[in-house]
Amino acid sequence: MASPDKHTPAQTNSRRRFLQTSTLLGAAATISLPAVGWGKESDSKTNLRVGVIGIKGRGTAHLDGFHAAKGSQVVAVCDADSAILQSQAAKYEKKQETTYQQYTDYREMIANPDIDVISIATPNHWHSLMAIEALQAGKHVYCEKPVCHNIWEGRQMVAAAQKSDKIIGAGFQNRSDIGLKAAHQWIHEGNIGKVVQGRGLCYRKRDGIGKRDTPLAPPKTVNYDLWLGPAADEPIMRSEFHYD
């Protein structure tokens, strides 16, 4: 997803820092960033200030990635579940020796003029709308995949990025993997002949989602209307409310 070509030197530097940070964030899922030499120097005058929405599962990789990458500083966290917000914020504040602004309503975070980047790791049904609102508020956006449910939603995200002149990125970390880039080039050099079809499989140990006989009640600590957002209000028949 791209934004217009015309921008000032200051915007260029900001874009470059954000793209570098996004690349490192994608890598954070598979490697330890400090172990390969990326520092955590903090300079409030130059760092992009990041707010992460959704901090239970994948959002923890966002916290680790942005903290470890040069050029960014996590300053705020948000979760519709107040219990998760409190416990995860306390854990990462201690781990990173910092203090976060805390939000249960993502709209309040997006409205904060002191935040430069919104990082989205919420349930899938919120991705495109949150990203568009953040772009409209003048923020750069890093959005977990899937970024949208259909092509139309994706095009609205591109349009919002172009109109706001901000960057929106998604987690295609395999595209920056050194080994996979080399394999990609090797294949395109014709070493296995003409490729006419590709199939991908992923095997992982994983428990079944399960199916309840009666609907699951959302935890009392969750602002369910806010968590649900644009999704249909249907009975929850799985065994766990959060990602399972």
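Just so you know, these numbers use all the heavy atoms, side chains as well, and skip hydrogens, waters and symmetry mates. Here the structure is a predicted model, which means the values were calculated and not measured.
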Nearest-0.5 Å distance, [atom1] of residue [X] to [atom2] of residue [Y]:
{"X": "Ile115", "Y": "Leu48", "atom1": "CD1", "atom2": "CG", "result": "12.0 Å"}
{"X": "Ser72", "Y": "His67", "atom1": "OG", "atom2": "NE2", "result": "8.5 Å"}
{"X": "Leu63", "Y": "Lys95", "atom1": "CG", "atom2": "NZ", "result": "8.5 Å"}
{"X": "Ile84", "Y": "Thr104", "atom1": "CD1", "atom2": "OG1", "result": "12.5 Å"}
{"X": "Gln136", "Y": "Glu133", "atom1": "CD", "atom2": "CD", "result": "7.0 Å"}
{"X": "Trp152", "Y": "Ser128", "atom1": "CH2", "atom2": "OG", "result": "8.5 Å"}

Is there a path of hydrophobic side-chain contacts, each under 4.5 Å between heavy atoms of I, L, V, M, F, W or Y residues, that connects Tyr103 with Leu226?
yes
One pair to check against side-chain contact (heavy atoms from CB on, under 4.5 Å): Thr98 and Val74. What are the steps and the verdict?
CA-CA 9 Å; Thr98 188; Val74 179; over 6 Å; no
Can any side-chain N or O of [X] pair as donor or acceptor with the backbone N or O of [Y] at less than 3.5 Å?
{"X": "Gln102", "Y": "Cys78", "answer": "no"}
{"X": "Lys211", "Y": "Met237", "answer": "no"}
{"X": "Arg238", "Y": "Phe241", "answer": "yes"}
{"X": "His125", "Y": "Ala231", "answer": "no"}
{"X": "Trp227", "Y": "Val222", "answer": "no"}

Shortest non-hydrogen contact from [X] to [Y]?
{"X": "Val195", "Y": "Ile192", "result": "CG2-CD1, 4.0 Å"}
{"X": "Asn112", "Y": "Lys139", "result": "O-NZ, 2.5 Å"}
{"X": "Thr60", "Y": "Lys56", "result": "CG2-O, 3.4 Å"}
{"X": "His127", "Y": "Thr122", "result": "NE2-O, 2.8 Å"}
{"X": "Ser239", "Y": "Leu216", "result": "O-CD2, 4.1 Å"}
{"X": "His62", "Y": "Ser119", "result": "ND1-OG, 2.6 Å"}

Is atom [atom1] of [X] surrounded by more than 12 heavy atoms (other residues, nucleotides or ligands) closer than 6.0 Å?
{"X": "Glu189", "atom1": "CD", "value": "yes"}
{"X": "Lys145", "atom1": "NZ", "value": "yes"}
{"X": "Arg155", "atom1": "CZ", "value": "no"}

Would you say that [X] contacts [Y] through its side chain, given a criterion of any heavy-atom pair below 4.5 Å between the two side chains?
{"X": "Ile53", "Y": "Met130", "answer": "yes"}
{"X": "Tyr142", "Y": "Phe66", "answer": "yes"}
{"X": "Ile168", "Y": "Met157", "answer": "yes"}
{"X": "Val50", "Y": "Asp116", "answer": "no"}
{"X": "Ile236", "Y": "Pro215", "answer": "no"}
{"X": "Tyr92", "Y": "Asp64", "answer": "yes"}
{"X": "Met109", "Y": "Ile118", "answer": "yes"}

Between Ile120 and Glu144, does a side-chain contact (heavy atoms from CB on, under 4.5 Å) hold up when you go through it step by step?
CA-CA 6 Å; Ile120 302 170; Glu144 236 351 284; 5.9 Å; no
Ignoring hydrogens and angles, state whether a donor on the side chain of [X] or [Y] is under 3.5 Å from an acceptor on the partner side chain.
{"X": "Asp81", "Y": "Thr221", "answer": "yes"}
{"X": "Asp79", "Y": "Gln88", "answer": "no"}
{"X": "Tyr106", "Y": "Glu108", "answer": "no"}

Ile167 and Val141: side-chain contact (heavy atoms from CB on, under 4.5 Å), yes or no, with the steps?
CA-CA 6 Å; Ile167 290 289; Val141 174; over 6 Å; no
